[in-house]
Q: 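Attaching a single structure in structure tokens format; questions to follow.
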Amino acid sequence: MTHEAVPIGLIPGPFHPRLEALSRAKGWMDWAGYMSPSVLDTAEFEYFAIRNQATLFDISPMHKYRITGPDALAMINRVVTRDVSRIGDGRVGYVMWCDEEGMLIDDGTLFRFSETDFRLCCQERMFLWLLDAAWGFDVTVTDESDAVAAVALQGPTAYSVLRDAGLDVGQMKPFDWHEVETDLWISRTGFTGDLGYEIWVPWDAALPLWDRLWAAGNHWGLRAIGFDALHIARIEAGFIAAGMDFQPVHAAMRLHRGRTPIELGFGRMVHFDKGHFNGRRALLKQRDGGQRYALVKIDLGGFKPAQDALIYHRKREVGHVTSGVWSPTTKRNIALAELKAPYGISRTDDLMAEIYVNQEGRWDRRLVSVTIQDKPFFINARARTTPPAAF
Amino acid sequence: MTDTYDAIVVGAGHNGLTAATVLARRGKRVCVVEKSGQAGGMARTVDYAEGARGPEIAHLLYNLSPKVAKDIALRVETRKLPTIAMSPDGKHVEMAGDTLRFADGTAHPEAEAYAALRKRLVKFARLLGQLSDAPPPSLAEGLAGLRDIGGLARLGLNVKRLGKQDMREFLRIILSNAYDLLLDDLADGPVAGALAADAVRGCWSGPRGPGSVFTLLYRLGQGGDVLLPMRGMGAFETAAKDAGVEMRTRSTVASVMVEQDQVRGVTLDDGTILQAAAVLSSLAAPLTMQLAGARHFDIEATRRLQRMRAKGTTAKLNLVLSATPDMPGLSDAQKAARLIVAPSATHVESAFNPVKYGEASAAPVLEAVLPSLSDPSLCKDGRQVISVIAQFVPHAPDGGWTAAQRDDLSKRIIQTLEVHMPGLQDLITHSTLLTPDDIETLTGAPGGHWHHGELSIDQLLTVRPVNGLSRYSFGVRGYYLCGASAHPGGDVTGSPGRNAALQLLAEGVLS
Ligand SMILES: Cc1cc2nc3c(=O)[nH]c(=O)nc-3n(C[C@H](O)[C@H](O)[C@H](O)COP(=O)(O)OP(=O)(O)OC[C@H]3O[C@@H](n4cnc5c(N)ncnc54)[C@H](O)[C@@H]3O)c2cc1C
């Protein structure tokens with residue numbers, strides 16, 4: 001076996017030559033060691049392309065693990081909180097997994113090829129954890145992170161782009177997952193809450209895929225985007241992000257930084273009736289004994305983004321904003337916020353946020369009202385219509 | 001047809017039997033399932049050859065919990081044995097309680113130092129011994145109640161009651177090594193050697209290993225008297241039968257049934273199903289986990305269990321002799337004593353070294369006893385049996401245990417004994433060697449380990465067998481660990497068995 005030297009610093013991902021050429025902003029960030037665009041042009045243009053046209057975002061830096069073998073279903077069901085047996089072949093499910101104390105390790109998407117073959121995609125590095133989880137099961141875990149490239153194609157014209165690229169996904173429903181051509185898999189999934197797809201190919205087939213989509217996207221307003229635009233869209237869609245809305249418990253150094261799926265508002269994703277899964281006993285205690293925190297979607301007064309703002313109930317500090325932006329589409333000041341129980345659960349009135357604004361060197365403080373929402377901020381039927389309309 | 005019980009115990013070792021008896025004596029319907037044809041586990045009396053009987057593995061009692069004896073109405077007749085530290089120069093030393101003298105009755109120059117040291121050690125050991133009769137106090141798992149705080153407070157209190165000087169001394173030595181401790185007060189001869197051997201018997205450690213003071217204190221937890229059980233250790237089985245426990249020998253538990261995170265019973269290897277709301281397993285913790293299946297445990301728990309250290313280092317040699325061997329320097333009464341061959345603490349440490357590299361000690365450290373001298377019921381016609389524990393012997397030597405290697409080990413043990421028993425070789429009519437590997441095959445103990453898992457600082461008290469599972473309740477509701485891998489550990493104590501049964505009752509599993 002030969003060993004290649006590991007390069008120092010960030011390395012280019014599979015789509016990098018194209019992204020590099022498109023980057024005017026030269027705004028790169030570190031995503032799992034890859035040079036990943038935070039913004040290519042301007043975040044505003046890119047954001048509006050998500051909601052009005054179509055966008056390409058390189059998601060190859062996601063960690064991808066293949067789990068195969070006779071016990072694959074049982075093994076995964078012991079890792080994640082929801083019942084994976086209810087996810088059909090050729091379907092994708094959003095999953096969460098916890099440590100023994102019920103604290104969220106990470107969330108991700110689970111792609112089911114068959115009962116004996118799955119792919120798990122997530123933000124955090126999970127190989128060793130999955131190897132530990134595989135012990136006692138007849139499965140093989142393979143790290144496919146640098147073998148599979150993927151790009152998210154999101155926005156109202158995404159379907160049209162694919163069609164013009166010769167890829168027929170008209171019958172695919174949300175969370176469907178098909179091999180549309182040999183070695184080219186498409187899932188109707190995404191992180192924007194909009195119509196969109198994710199396209200999966202072998203690492204070295206990335207550039208031809210990009211070029212094919214780019215050529216087809218020309219008159220559908222296709223743009224390449226960076227993380228900043230996606231960030232706005234995902235908050236609008238109410239999706240949580242690791243490291244922001246929760247601290248992946250394996251990466252947290254301090255005590256009590258972990259949060260449970262129940263506390264993050266995903267109690268419905270915890271299926272206590274499916275047999276044992278990691279953290280089940282601790283989560284059962286919490287279900288019966290009460291949660292410590294509640295992550296909620298909030299609507300704030302004013303228009304100043306509320307990132308990191310403290311939240312008060314009358315004079316008492318009861319939480320803080322974990323992700324906050326001005327939502328250009330809904331024209332609302334929106335955020336995800338973590339409140340200490342019982343705030344956000346049984347006590348939802350009289351909440352205020354204290355937002356600090358820096359106006360060219362002068363700090364100002366705004367007290368604005370906070371209203372808890374139970375639905376995502378951005379909801380559009382086009383995200384679910386099958387077959388999708390042209391735009 | 002499936003039979004239904006209140007509780008099923010896996011394994012009829014003395015701990016399984018104790019757990020079963022405790023429950024049966026409280027009116028529960030209990031069945032013990034044992035894979036071999038005879039109950040007792042490591043504490044069985046077997047036919048060595050042609051009607052000459054003796055202890056198969058464990059031979060002496062020194063750590064039996066009085067609470068266990070009382071709770072299960074154990075009727076065991078015993079003989080207290082002195083210890084003889086065999087000296088290469090023939091000036092053997094007799095150790096009985098706190099007294100130390102030469103075997104010929106003359107005064108030993110270290111008598112005073114020995115008495116003081118032993119008193120001190122026993123005082124400290126009793127402090128730890130108290131902790132053996134209850135689940136380990138646990139802060140990490142949430143204090144279960146006032147009783148826990150009581151246990152902790154009692155230990156704290158008693159440490160204080162020691163007085164300032166003793167307390168300092170206790171805290172100074174508790175995590176240190178036996179070698180340094182012993183040689184502070186004793187010359188490095190057979191007396192220090194015997195104590196050093198006691199400190200590490202059954203462990204994967206030499207007396208210079210940190211934690212060897214703890215293991216020395218562990219075996220002194222009931223005062224340190226060494227007792228020979230007359231007619232063996234069958235009293236545990238008798239107590240179980242008297243309490244109405246049903247025994248199924250020659251039945252192996254293939255798996256433990258779990259539904260909805262609750263134990264439902266066991267499946268035997270012939271497919272028979274036995275139902276119960278509680279299952280207590282006396283198998284080592286990793287095997288107990290595997291019986292139910294890893295999927296019923298948290299990933300962290302399976303990882304810790306998988307990595308539990310259990311490398312046995314003790315072999316057993318059981319001999320039938322045509323007559324009592326000659327032992328120059330010992331009286332007839334002294335021949336029946338516990339005989340230790342460990343010429344010095346340094347010798348014990350050196351004997352440990354080869355096992356690190358998968359080899360047996362060239363001159364093993366021995367604990368030998370001729371039970372038939374005290375208990376003539378064991379053999380007839382003037383024959384005698386001799387039961388020898390030999391250390392250090394690897395579990396899996398390089399290339400595995402070949403016939404040649406086994407022969408070689410038997411020879412080394414016999415030669416080591418023969419120094420003190422001239423002509424021994426010619427008296428041997430039968431010889432049975434049990435390597436750690438054989439002991440694993442016989443009992444299931446991982447690595448053939450004395451304690452079912454190393455008794456070391458990282459696998460003690462609240463982290464025995466592993467962090468998160470230290471209070472007998474074993475993940476799944478109704479599933480309990482009741483063998484030597486649970487707190488406090490191995491030896492014939494009955495404590496894990498009794499503690500597990502009481503914990504199960506306290507947690508309301510059967511109500
Ligand atoms: C060489 C040696 C000498 C020792 N000498 C002494 C001594 O002199 N004094 C002392 O106090 N301690 C001694 N010990 C330690 C002591 O014997 C053990 O710590 C103690 O006996 C363990 O008891 P237990 O009941 O926990 O387990 P065990 O005695 O190991 O019992 C486990 C039982 O489970 C059964 N079993 C296993 N798998 C299954 C299955 N799947 N289904 C059904 N049954 C199963 C086994 O057959 C066995 O009977 C010695 C240990 C060794 C190795």
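Heavy-atom basis, side chains included; hydrogens, waters and symmetry copies ignored. Remember, predicted model here, so these are calculated numbers, not experimental data. Numbers restart at 1 for each chain; the letters A, B, ... are given by sequence-line order, proteins then strands.
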Q: Shorter than 4.5 Å, heavy atoms on both sides: which option in A/Arg280, A/Lys274, A/Met75 has the most such pairs with chain B?
A: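 Option with the greatest count: A/Arg280.
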Q: Residue by residue, which of residues 277-296 of chain B have a heavy atom closer than 4.5 Å to a heavy atom belonging to chain A?
A: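 Residues in range: B/Met289, B/Gln290, B/Ala294, B/Arg295, B/His296.
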Q: Of the backbone (N, CA, C, O) and the side chain (C-beta and beyond), which part of A/Phe137 lies under 4.5 Å from a heavy atom of chain B, both, or neither?
A: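 A/Phe137 touches chain B through side-chain heavy atoms alone.
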Q: Under 6.0 Å from the CZ atom of A/Arg316, do we count more than 12 heavy atoms belonging to anything else shown?
A: no
Q: Quick check against the 3.5 Å criterion: does B/Glu300 have a side-chain atom that pairs as donor or acceptor with the backbone of A/Glu100?
A: yes
Q: Can you say whether B/Val476 sits under 4.5 Å from chain A via the side chain, the backbone, both, or neither, judging by heavy atoms?
A: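 When you check distances to chain A, atoms from both the backbone and side chain of B/Val476 fall under 4.5 Å.
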Q: In terms of heavy-atom proximity below 4.5 Å to chain B, should A/Ala133 be classed as side chain, backbone, both, or neither?
A: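 Interface part for A/Ala133: both.
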Q: I'd like to know if the side chain of B/Asp261 and the backbone of A/His276 have a donor-acceptor N/O pair within less than 3.5 Å.
A: no
Q: Answer yes or no: is there an ion pair linking B/Arg307 with A/Asp132, defined by an N-O contact shorter than 4.0 Å?
A: yes
Q: Check each atom of A/Asp71 against the heavy atoms of chain B and say whether the ones under 4.5 Å are side chain, backbone, both or neither.
A: side chain
Q: Taking all atoms of both residues into account, what is the closest heavy-atom pair of B/Gln306 and A/Trp135, and its distance?
A: NE2-CD1, 3.2 Å
Q: Testing the basics here: between B/Asp298 and A/Gly279, what is the closest heavy-atom pair and its distance to 0.1 Å?
A: OD1-N, 3.0 Å
Q: Is it true that, when you exclude B/Arg264 itself, more than 12 heavy atoms of the residues, nucleotides or ligands shown sit nearer than 6.0 Å to its CZ?
A: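 Check passes, neighbour count above 12.
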Q: For A/Phe272, I'd like to know if atom CZ has over 12 heavy atoms of other residues, nucleotides or ligands within 6.0 Å.
A: yes
Q: Atom CD1 of B/Ile299 and atom CZ of A/Phe277: how far apart are they, to the nearest 0.5 Å?
A: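 That separation rounds to 11.5 Å.
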